[in-house]
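Counting starts at 1 for both ligands and their atoms, in listed order. Below, all heavy atoms of this structure are taken into account, side chains as well, without hydrogens, waters or symmetry copies.
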Amino acid sequence: MRPSPSHLFPIVLAGPSGGGKTTVRRALLEHHSDLVFSVSATTRQPRPGEIDGKDYQFLGRGEFEALIEGGDLLEWAEVHGELYGTPRANLQRAWDEGAHLLLDIDVQGTRQLRAIQPDALTVFLLPPDYDRLVDRLRGRGSEDAGTFRRRMRTALSELSEVERFDYAVVNDDLEDTLRAVEAIVSAERHRVKRLNPDVRELVRDLSESLNGMLGASQTQEARRE
Ligand code: 5GP
């Protein structure tokens, strides 16, 4: 897989299920047309309101395994007993649109993605306190005590990965979180190593014009002497 064009680095939102990734991701997508959501493939059942092809590509286990075998996934992981993965084609599609791919994936997937796309920007979203983490872990309602414990164990192991991320944002207030993530993305876009080709061209044009002017004034000076 070739690396991303330097100015279209993939953006990963990760962190424990209770961190509010889905809400933050949806709000970001609503406001930024240069972000494209990475629709993952999964073997889990759709939740009420989820749309196949929009929220996830819902697949049977056999279909998912065929994607793995075909090398069609950029990364994949088992989360809470279900398989989740990012179709390789998502990245190319975003680049073709001149957009950043926005991924909402777990920490295992983030690790794999970093290995293939080292310039990916990784942001870890944290819940503001224990009560809200637990509320959000429980929030999905239908789960039994065993499922809830499993979610807590997953959250614990996710937290142990925070140091590997580029940024961590405590998601207390949605507006503040959005502002923070937007500021991070904006700052990263202005990194010299990630400059948009237009900016590089601007530097070239400015230098050429200056060189031209300097050359012309040197000739004039030489004539006067
Ligand atoms: P949920 O079932 O609640 O939508 O997602 C469970 C977890 O799987 C979340 O942490 C979510 O970020 C993660 N996840 C969703 N899609 C992918 C994917 O394509 N790859 C990986 N590694 N994790 C994913």
Options D55, T154, V79, ranked by nearest heavy atom to atom 7 (C) of ligand 1, top entry: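 Closest candidate by heavy-atom distance is V79.
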
Donor-acceptor pair, [X] side chain versus [Y] backbone, under 3.5 Å?
| X | Y | value |
| --- | --- | --- |
| D166 | T122 | yes |
| N90 | V39 | yes |
| E75 | T86 | yes |

Minimum heavy-atom distance between F58 and D52, given as atom pair plus value: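 Closest approach of F58 to D52: N-OD1, 2.9 Å.
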
With heavy atoms of [X] as the reference, note each atom of ligand 1 found under 4.0 Å away.
| X | value |
| --- | --- |
| G109 | 22 (N) |
| I105 | 12 (O), 14 (N), 17 (C), 18 (C), 19 (O), 20 (N), 21 (C), 23 (N), 24 (C) |
| D106 | 12 (O), 13 (C), 21 (C), 22 (N), 23 (N), 24 (C) |
| A77 | 22 (N) |

Does ligand 1 have a heavy atom under 4.0 Å from the side chain of [X], from its backbone, from both, or from neither?
| X | value |
| --- | --- |
| E158 | neither |
| Q108 | neither |
| K21 | side chain |
| D104 | both |
| R44 | side chain |

V169, L28, T23, L126 screened by side-chain contact (heavy atoms from CB on, under 4.5 Å) with T177, the one that passes: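 Single side-chain contact (heavy atoms from CB on, under 4.5 Å) partner of T177 among V169, L28, T23, L126: V169.
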
For the residue pair [X] and [Y], would you count it as a cation-pi contact if the rule is NZ or CZ under 6.0 angstrom from the ring centre and within 45 degrees of the ring axis?
| X | Y | result |
| --- | --- | --- |
| R194 | F9 | yes |
| R44 | Y84 | no |
| R47 | Y56 | no |

NZ/NE/NH1/NH2 to OD/OE distance under 4.0 Å, D172 and R132: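 Yes, D172 and R132 are salt-bridged.
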
Heavy-atom gap R47 to ligand 1 smaller than 4.0 Å: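 Heavy atoms of R47 do come under 4.0 Å of ligand 1.
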
Polar atom proximity, E75 to ligand 1 (N or O, under 3.5 Å):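 Yes, since at least one N or O of E75 sits under 3.5 Å from an N or O of ligand 1.
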
Sub-3.5 Å N/O-N/O distance, R151 and ligand 1: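 Such a contact does not occur with ligand 1.
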
